[in-house]
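Data block below; observations after.
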Amino acid sequence: MQAREQWMERILSDLMVDIQNLTFSRGERLIYDGMSMQVKRGQVTAIMGPSGIGKTTLLKLIGGQLKPERGDILYQGRSIPKMSRAELYQTRKSMSMLFQSGALFSEMTVFDNVAFPIREHTKLPETLIRTMVLMKLEAVGLRGARDLMPSELSGGMARRAALARAIALDPQLIMYDEPFAGQDPISMGIVVKLIRELNNALGLTSIVVSHDVPEVMSIADYVYVVAEKHVIGEGTPEQLRQHASPLVQQFLKGEADGAVPFHFKAAPYADELMELL
Amino acid sequence: MFVNRLQRLGADTIQTVAGLGRATLMLIGAVFGKPDVRKGFPLLIKQLYVVGVLSLLIIVVSGLFIGMVLGLQGYTVLVKFGAEGMLGPLVALSLLRELGPVVTALLFAGRAGSALTAEIGLMKATEQISSMEMMAVDPLRRIIAPRFWAGVISMPLLAVVFTAVGILGGHLVGVDWLGVDAGSYWSAMQANVDLYQDVFNGIIKSIVFAFVVMAIALHKGFDAVPTSEGIAKATTETVVTASLAVLAFDFVLTALMFGG
Ligand SMILES: Nc1ncnc2c1ncn2[C@@H]1O[C@H](COP(=O)(O)OP(=O)(O)OP(=O)(O)O)[C@@H](O)[C@H]1O
Ligand SMILES: [Mg+2]
């Protein structure tokens with residue numbers, strides 16, 4: 001009885017994703033050490049951090065493609081790592097992910113790529129699918145490129161086509177991995193506006209992973225800065241700008257010299273140079 | 001030192017067994033998954049074309065040459081004993097029992113198997129498989145199953161084509177060139193080839209080889225390290241492992257079918 005109440009409470013709570021004490025390593029390398037993070041329903045939550053810190057890894061953990069060593073990841077109150085394969089596939093129908101590389105299917109045209117999730121998960125007639133696909137492509141400014149193959153697109157175009165595919169089925173949670181990378185100022189504007197509008201109009205929840213500080217600060221409701229296996233700073237963009245931590249300030253201002261080492265862990269530079277002599 | 005080596009041996013064994021377990025689970029997932037006819041059928045047709053039809057040329061050309069060589073070699077031996085009338089059965093039995101299924105499987109591993117491994121490895125490297133999983137579409141059903149069945153269906157058919165063309169090749173050399181009597185070529189063949197013992201057994205071999213080659217090719221692609229070196233390595237491994245496995249299975253099957 002009590003368990004049931006707790007369950008109801010979780011479902012009704014406004015947490016979409018709740019990461020609790022997550023520990024994960026890639027081979028020998030510890031990526032996260034007891035990290036916690038919450039994503040509220042209906043908000044745009046941004047995750048920022050230096051390259052190679054494990055942001056893509058985090059999204060894959062939320063999607064259930066990787067399993068944490070310790071800790072738990074709750075999605076709408078249910079534990080992702082404990083789900084069976086069938087439950088996981090069922091759950092994934094309500095989420096969607098824009099991959100850093102785009103990951104368009106190379107054997108299909110842009111149109112078929114965007115139509116793919118609709119065709120797989122619905123039985124809609126082809127005329128309706130056509131309308132839906134053209135709408136999504138129009139939203140990312142690629143309606144004219146619908147008959148091209150992915151290999152004929154530029155990097156930025158491929159990313160936007162992948163974005164159209166990610167939003168094809170209006171999921172409840174969208175995870176964007178570096179949506180702004182490789183976009184010119186105009187398409188950048190389109191993407192920023194699109195992410196914000198989708199979130200407001202459809203009431204979905206967004207997680208945006210990015211290094212582009214000004215864009216993130218302009219659309220996010222809540223921001224986490226991740227470094228050194230932990231969350232080093234969190235808050236609304238306003239709160240972050242006032243954040244006391246020098247690490248956070250260094251990251252936001254993009255200074256190479258500061259509290260955060262900018263380089264991948266290595267022996268001292270001078271020592272390595274001396275070795276050659 | 002010794003303990004270390006023992007440890008490494010243990011780790012390698014576990015890894016190998018785990019790998020085999022994964023391969024088996026994958027195969028079972030692809031074979032026994034309930035097929036969705038509406039979506040699955042067009043995918044199967046497409047793969048039948050890519051895997052089967054596009055392999056036809058190499059199969060026909062190789063079959064022709066192997067049949068011609070058999071005709072020539074067989075004739076030079078048989079004519080010494082005045083038994084050139086038995087050229088028909090010699091060519092037909094060699095092809096039906098051994099060369100048809102085996103050479104087809106080896107050519108198929110090199111032509112279609114390596115291409116499948118590379119294709120799937122590249123899909124993995126470019127995160128297409130990951131993104132399919134995230135769209136709640138099972139890549140085993142969507143990518144592996146149609147390719148697997150296309151291979152299993154087309155390889156025995158290709159072996160039949162190979163054998164038929166080979167017999168014609170033997171005819172070309174033995175009858176048309178070296179002057180063996182056409183009537184005895186065909187009639188001795190008819191008299192000495194048994195439908196069950198020779199034709200069916202050859203087809204059974206070919207079906208077994210098809211399962212083996214497809215399982216290895218698809219597993220190597222799916223398990224490839226997603227980098228260019230990883231894919232290159234996986235592709236080579238497909239050809240080597242599949243060829244050796246085919247030859248090993250051939251011995252076992254031959255012993256079972258004709259040994260008793
Ligand atoms: N498949 C893998 N196997 C082993 N290690 C990996 C693998 N993928 C990533 N890593 C390691 O995990 C760490 C985190 O990788 P991840 O891709 O999550 O970083 P990221 O924060 O997304 O970086 P970027 O901002 O450059 O995209 C990296 O140091 C990388 O070396
Ligand atoms: Mg990344």
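Naming: A, B, ... by sequence-line order, numbering from 1 per chain.
Identified under the side-chain hydrogen bond (donor to acceptor under 3.5 Å, both in side chains) test for residues 199-216 of chain B, with sequence neighbours left out: B:E98-B:K205, B:K205-B:D250, B:K205-B:T254.
With rounding to the nearest 0.5 angstrom, the CE atom of B:M134 is 8.0 Å from the CG atom of A:L59.
Both the backbone and the side chain of A:M95 come within less than 4.5 Å of a heavy atom of chain B. Contact annotation for A:L104: only backbone heavy atoms (N, CA, C, O) come within less than 4.5 Å of a heavy atom of chain B.
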Cross-chain donor-acceptor list, chain B x chain A, under 3.5 angstrom:
unit_1 : atom_1 : unit_2 : atom_2 : d
B:K39  : NZ     : A:E120 : O      : 3.1
B:E127 : OE1    : A:S101 : OG     : 3.1
B:E127 : OE2    : A:K60  : NZ     : 2.9
B:Q128 : OE1    : A:S106 : N      : 3.2
B:Q128 : NE2    : A:S106 : OG     : 3.1
B:S130 : O      : A:Q65  : NE2    : 3.0
B:S131 : OG     : A:A103 : O      : 3.4
B:E133 : O      : A:R92  : NH1    : 3.2
B:E133 : OE1    : A:Q65  : NE2    : 2.9
B:M135 : O      : A:H121 : NE2    : 2.6
B:D138 : OD1    : A:R85  : NH2    : 3.1
B:D138 : OD2    : A:R85  : NH2    : 3.0
B:R142 : NH1    : A:E120 : OE2    : 2.5

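Annotation: side-chain hydrogen bond (donor to acceptor under 3.5 Å, both in side chains) contacts of B:R97 (sequence neighbours excluded): B:D198. In terms of the side-chain hydrogen bond (donor to acceptor under 3.5 Å, both in side chains) criterion, residue partners of B:T117 (sequence neighbours excluded) are, by chain and number, B:T238.
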* Step by step, would you call A:F105 with B:M123 a side chain to side chain contact (heavy atoms under 4.5 Å, CB included)? -> CA-CA 8 Å; A:F105 301 129; B:M123 280 185 175; over 6 Å; no
